[in-house]
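Values below: every heavy atom of this structure, side chains too, minus hydrogens, waters and symmetry copies.
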Amino acid sequence: ACTMVRVRFAPSPTGYMHLGGLRTALFNYLFARKHGGTFVLRIEDTDQQRLVRDAADQLEHTLAWAGLHPDESPLRGGAFGPYVQSQRLPLYQTHIHELVARNGAYHCFCTPQRLQTLRAIALKSGLPTSYDGACRNLTHEQVQEKLAAQMPFTIRQRIPADETVAFEDAVFGAVQFNSRGLDDQVLMKSDGFPTYHFANIVDDHAMQITHVLRGEEWLSSTPKHVLLYRSLGWRPPTFAHLPLLLNKDKTKLSKRSGDLFVDSLRTKQGLLPMAVNNFVALLGWMPAHTTQEVFETLDDLAQEFSLSNINRAGAVVDMDKLAWFQKQHIRRTDLARTPALLAEFAGKIRTKYGATADPALLTDVFLARVFDTLKQSHDTLDAIVAASQLFFEDTVLSLAASGSLKVAKGSKPAAALALLVGLLTPIEEAEFTAAHVKTAVDAAAAALGIRGPELYAVLRVALSGEKSGPSLPAIMEVLGRSRTLARIATAVMATDDPVQVKSCRGPCSTGQPCASPSGTSCSS
């Protein structure tokens, strides 16, 4: 028996990953990492009628985006493969014959028409739609006769008539069901494919899975699985059922909500992987040893993760809280330390601006500086990409956009900026930092006898064409001396009443900031 922790995430490729599926994958991943175990991805594609093209590949790509890299998977391989159920059919055939021989299952020759009629009668009478056991007590000879006649058949689980099935759940504690409420479910379909319930337990046993972490909706099926393990003489894994995800009105969260597909969170909403992971981790789980909410890495989450701190009550999905986590994580992001995110950001920037931008501005180093400047005032990757335009496109801007902004009595925005150019010009490129730029702007404001924000408002329009945004000194540092001065000069000359911009190369002989717009006489 395997003593090392082995867990699996086993989605069906009948659609794309939903928030609930991501939580199941995340909890399995964190549990494996916490205990130095193995995280397995297994594709359960036995429902051939509902398969979605490319869904299996998309599931693995989504896990990779979230940073939940499996140790064993269809793409990665492993010692217990193949990891796609449709490629494991001989194994299921072997064990279904063994189960029949152990009297844990039986052949059922009922036609689909009979079963449909049986179901319709039960529904009309308000009775359970369970199978009536018509084939349950066929003799060996009867079964062989029907098989020899090549009659289509399924194989059903033989549920005990009246027995208490008990098991211990790591989240819900001691759980028990009476077998009277369980149906003789189909384990092997007429097309030779197993159903979920049979393939699931065969694979968990064959892959030596030690812990099964899955949604609460599977709790009522677990007694059937326990009976199958018992019938085959196998030891069941430890079960841990995760609480339901709920809407704000406490109704069950729909898997059909498009906004809650992980791919939508990534591509349409531009959310960061770790922001989504952090949010999802706290849906039904809370750390035991800290009150912190923001976890910056998966390792930080894994260190705190424990099955004993998973709640039984349903977890409400509050999208406003997700937006809050996104804001916290994007503020903390260091692109230099997150190469996957840097690559994604760089790809978006080069797609949007690469055709016209100076290639020297498309380096990873410069892109990281742009990101760091904008992340304090924008909450998503796509918003940062859109706001990055000011760094990659030297659009001719006009101070007319400043509207009614005034910088001083009798002063015009153009004249104020012309004065500022004189103070910025002596700063060398290497010294053109946010701190030095701020000193120059503050000095210009003092010389004009105005408040700093008044001058900043006009300067922002000149540099970006916007009236709000991130720190101007930080923007100017990233733009650099040459581009900053060129943009200011262009904006000044584009006004209806331009002022000639000439750069004063040194301090005024009076020792005070120069308050004389370039082009006017200066006796000092």
Side-chain angles (χ1 to χ4, degrees), residues 5 7 9 19-37 39 62-69 170-171 211 213 215-216 240-248 253 260 262 265-266 269-342 344-345 368 371-372 374-381 383-384:
V5 165
V7 297
F9 175 53
L19 208 60
L22 180 64
R23 185 187 64 166
T24 300
L26 176 64
F27 280 24
N28 276 282
Y29 176 90
L30 295 177
F31 187 72
R33 293 296 172 262
K34 175 67 176 285
H35 297 282
F39 174 54
T62 300
L63 289 180
W65 171 80
L68 309 180
H69 301 287
V171 175
H211 296 74
L213 282 64
E216 183 184 344
H241 288 86
L242 314 179
L244 294 174
L245 296 184
L246 307 175
N247 296 305
K248 283 188 176 182
L253 195 70
L260 297 179
V262 179
L265 298 177
R266 177 177 70 88
Q269 301 183 44
L271 302 186
L272 299 181
M274 198 55 215
V276 178
N277 285 333
N278 198 159
F279 171 69
V280 168
L282 298 179
L283 293 176
W285 170 81
M286 287 295 290
H289 307 297
T290 178
T291 58
Q292 79 179 87
E293 286 189 279
V294 178
F295 292 83
E296 296 189 27
T297 68
L298 288 169
D299 287 342
D300 293 340
L301 277 172
Q303 186 174 351
E304 290 291 332
F305 189 76
S306 170
L307 296 182
S308 61
N309 283 86
I310 297 177
N311 302 318
R312 299 180 185 181
V316 174
V317 176
D318 182 352
M319 298 305 285
D320 292 335
K321 190 68 173 181
L322 174 56
W324 182 84
F325 275 113
Q326 169 68 14
K327 183 178 293 186
Q328 303 308 310
H329 278 275
I330 207 159
R331 303 290 186 271
R332 290 168 165 81
T333 296
D334 179 359
L335 279 191
R337 299 177 61 183
T338 50
L341 188 60
L342 173 57
E344 183 177 359
F345 180 64
F371 182 91
D372 286 342
L374 298 176
K375 69 182 182 182
Q376 297 300 327
S377 54
H378 297 83
D379 296 340
T380 68
L381 208 59
I384 291 178

* Asked: Less than 4.5 Å apart, any side-chain heavy atom of M286 and any of N309?
  -> no
* Locate the shortest heavy-atom distance separating V262 from L19; write the atom from each residue and the value. => CG2-N, 4.4 Å
* Does a side-chain heavy-atom distance below 4.5 Å link Q326 with V276? -> no
* To do: May I have the step-by-step check of side-chain contact (heavy atoms from CB on, under 4.5 Å) for L68 and T62, ending in yes or no?
  => CA-CA 9 Å; L68 309 180; T62 300; over 6 Å; no
* Heavy-atom pair of closest approach, residues R23 and L283 -> NH1-O, 2.9 Å
* Looking at H329 and N278, what are the two nearest heavy atoms and their distance? -> NE2-OD1, 2.8 Å
* To do: Quick one: pull up CZ in F371 and CG in L381 and give me the separation to the nearest 0.5 Å.
  => 6.0 Å
* Structure fact -> Taking every heavy atom of L63 against every heavy atom of A25, the minimum-distance pair comes out as CD2-CB, 3.7 Å
* Can you find a heavy atom in the side chain of D300 that is under 4.5 Å from one in the side chain of E304? -> no
* To do: Please name the pair of heavy atoms, one in L213 and one in N28, separated by the smallest distance, quoted to 0.1 Å.
  => O-ND2, 3.1 Å
* With a cut-off of under 6.0 Å to the ring centre and 45° to the axis, is K321 in cation-pi contact with W324? -> yes
* Find out whether L322 and L265 are in side-chain contact, i.e. whether some heavy atom of one side chain is under 4.5 Å from a heavy atom of the other. => yes
* **V171 side chain reached by H241 side chain, heavy atoms, under 4.5 Å** => no
* To do: Fit a plane to each ring of W285 and F305, take the angle between them on a 0 to 90° scale, and name the class: parallel (under 30°), tilted (30 to 60°) or perpendicular (over 60°).
  => tilted
* Heavy-atom side-chain proximity of I310 to P243 below 4.5 angstrom -> yes
* Is there a side-chain contact between D372 and L335 (heavy atoms, below 4.5 Å)? -> no
* **side-chain contact (heavy atoms from CB on, under 4.5 Å) between K375 and I384, worked out** => CA-CA 7 Å; K375 69 182 182 182; I384 291 178; 4.2 Å; yes
* Verdict with reasoning, F27 to L301, per side-chain contact (heavy atoms from CB on, under 4.5 Å) -> CA-CA 10 Å; F27 280 24; L301 277 172; over 6 Å; no
